[in-house]
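Side chains included, hydrogens not; waters and symmetry mates left out as well; all remaining heavy atoms used.
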Amino acid sequence: MNAVEFVRRKKKGEYKKLEGECSEHFRINIKDYSSWSDYYDLSVDGRTGDMRWLGMRREDGKVINRLYKGKKVSQLWKYAFTKLFRELNRAVRFGGVIDLIKKENPDATREEVQEFLVRYSRVFFREHYEYFEMETGIDYIMEPIDGVDPTLAMKLGRIYYLMLLANHSCPPRFWENIDTRVTFGNVAVISKALIELMEVYMKEELGERANFLLLEYMKLLAFPQLYYDYDLYKLPRIGGLGNH
């Protein structure tokens, strides 16, 4: 559960709380750069701990900057990067993996598809599960989506887990500039997932979907163009409007 929901339930009385908790008595100021993994999205003194991840202030949507090697660097790229990856993740998860499984087996429920994807971890991390003498056989993994071609399902499972790896912890948005090895890692892995999904689409004779995915993939290659495609030039920055 995230921090916001936890606090919300405490304030509504769903969870027990100490006397004065969730009130001014317990208030503390959250500082920018307070910790490595701070992602607190409640505004305190006009600031939220996730400003460094978003690239903007949550309360008014104004783009912030950071000092990098003595120069101010706009953090607008973080907003674009987050928005783009949300698109790519949804394209892989829903338009690709889940939809193609249900195309093979229309009766498969969302829960059954989810269970298959959980079990697929025993393929992706086979050595780990085999070390603990846990089941890694294809029959066990395919059981929740019986009737789907195992060859197709295994490819889709791999693509899904590649997508997950492209969203690992220590994301590039933590850093001030986009030119980092973690950015390269995220982009390289999501690109691999998109390419493999396009190949599946072509084999399944779903060329229109492959073309759509190609356009999404091209957004990674033409990342600066998102400044115009997402109308990011309209976003105000701290200090007034102007080029980011």
Side-chain angles (χ1 to χ4, degrees), residues 1-2 80-172 181-223 226 229:
M1 182 185 302
N2 61 49
F81 198 86
T82 303
K83 185 177 177 66
L84 175 57
F85 261 67
R86 185 183 296 119
E87 283 185 23
L88 299 180
N89 290 336
R90 291 182 63 85
V92 172
R93 178 181 287 114
F94 298 112
V97 175
I98 295 177
D99 194 50
L100 284 176
I101 290 176
K102 291 185 69 67
K103 180 175 177 291
E104 285 274 308
N105 183 357
D107 296 327
T109 65
R110 188 181 187 89
E111 289 73 23
E112 289 171 338
V113 175
Q114 290 174 342
E115 178 61 23
F116 159 73
L117 292 172
V118 170
R119 294 190 185 193
Y120 184 81
S121 65
R122 303 195 182 196
V123 174
F124 209 75
F125 305 106
R126 185 184 301 276
E127 292 182 355
H128 170 81
Y129 285 98
E130 288 181 343
Y131 178 82
F132 290 100
E133 299 180 348
M134 298 176 71
E135 179 64 64
T136 60
I138 297 297
D139 290 341
Y140 169 78
I141 294 164
M142 290 296 302
E143 183 182 5
I145 54 171
D146 185 44
V148 177
D149 179 4
T151 302
L152 174 62
M154 291 298 105
K155 288 181 179 179
L156 294 175
R158 169 183 162 82
I159 291 168
Y160 186 84
Y161 273 73
L162 287 174
M163 178 207 69
L164 294 181
L165 286 179
N167 293 273
H168 59 63
S169 61
C170 183
R181 59 183 175 82
V182 284
T183 309
F184 174 80
N186 282 184
V187 172
V189 180
I190 195 67
S191 296
K192 181 65 174 172
L194 293 170
I195 291 170
E196 291 195 10
L197 183 54
M198 280 189 274
E199 291 174 349
V200 171
Y201 279 152
M202 296 303 293
K203 188 172 183 180
E204 294 294 313
E205 298 183 350
L206 297 171
E208 187 174 344
R209 290 194 184 186
N211 289 335
F212 166 77
L213 211 59
L214 177 62
L215 293 176
E216 291 293 294
Y217 171 70
M218 291 298 293
K219 291 179 181 179
L220 288 169
L221 300 179
F223 186 75
L226 297 182
D229 293 346

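We find the CD-CZ distance between Glu208 and Phe212 to be 10.5 Å, quoted to the nearest 0.5 Å. Atom CG of Leu152 and atom NZ of Lys155 lie 7.5 Å apart (nearest 0.5 Å).
Within the structure, every pair that satisfies the side chain to side chain donor-acceptor pair (under 3.5 Å) test and touches residues 81-94, not counting sequence neighbours, is listed here: Thr82-Arg173, Glu87-Lys219, Glu87-Tyr230, Asn89-Asn167. Within the structure, ring-ring contact (aromatic ring centres under 6.0 Å, His included) contacts touching residues 99-122 (residues at least two apart or in different chains) are Tyr120-Tyr161.
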- Message: Between Glu112 and Lys102, does the side chain to side chain contact (heavy atoms under 4.5 Å, CB included) criterion hold? Intermediate values first, please.
- Response: CA-CA 10 Å; Glu112 289 171 338; Lys102 291 185 69 67; over 6 Å; no
- From CA spacing to verdict: side chain to side chain contact (heavy atoms under 4.5 Å, CB included), Leu197, Leu156: CA-CA 8 Å; Leu197 183 54; Leu156 294 175; 4.3 Å; yes
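Leu165 has its side chain within reach of Phe124: a pair of non-hydrogen atoms, C-beta onward, lies under 4.5 Å apart. Side-chain contact check for Arg158 versus Val123: every heavy-atom pair is 4.5 Å or farther apart. Leu100 is listed as a side-chain neighbour of Tyr201, based on a closest heavy-atom distance under 4.5 Å.
A donor-acceptor distance shorter than 3.5 angstrom exists from the side chain of Arg126 to the backbone of Thr136, with no hydrogens or angles considered. At least one donor-acceptor pair closer than 3.5 Å links the side chain of Arg209 to the backbone N or O of Gly95. At least one donor-acceptor pair under 3.5 Å links the side chain of Arg122 to the backbone N or O of Glu135.
The heavy-atom pair separating Asp146 from Asn105 by the smallest distance is O-ND2, 2.9 Å. Contact record, Phe94 with Arg110: CE2-NH2, 3.2 Å, taken as the closest heavy-atom pair. Between Val148 and Met142 the shortest heavy-atom distance is O-CE, 3.3 Å.
Within 6.0 Å of OH in Tyr140 there are more than 12 heavy atoms belonging to other residues, nucleotides or ligands.
The salt bridge (charged side-chain N to carboxylate O under 4.0 Å, His left out) test applied to Glu143 returns Arg119, not counting sequence neighbours.
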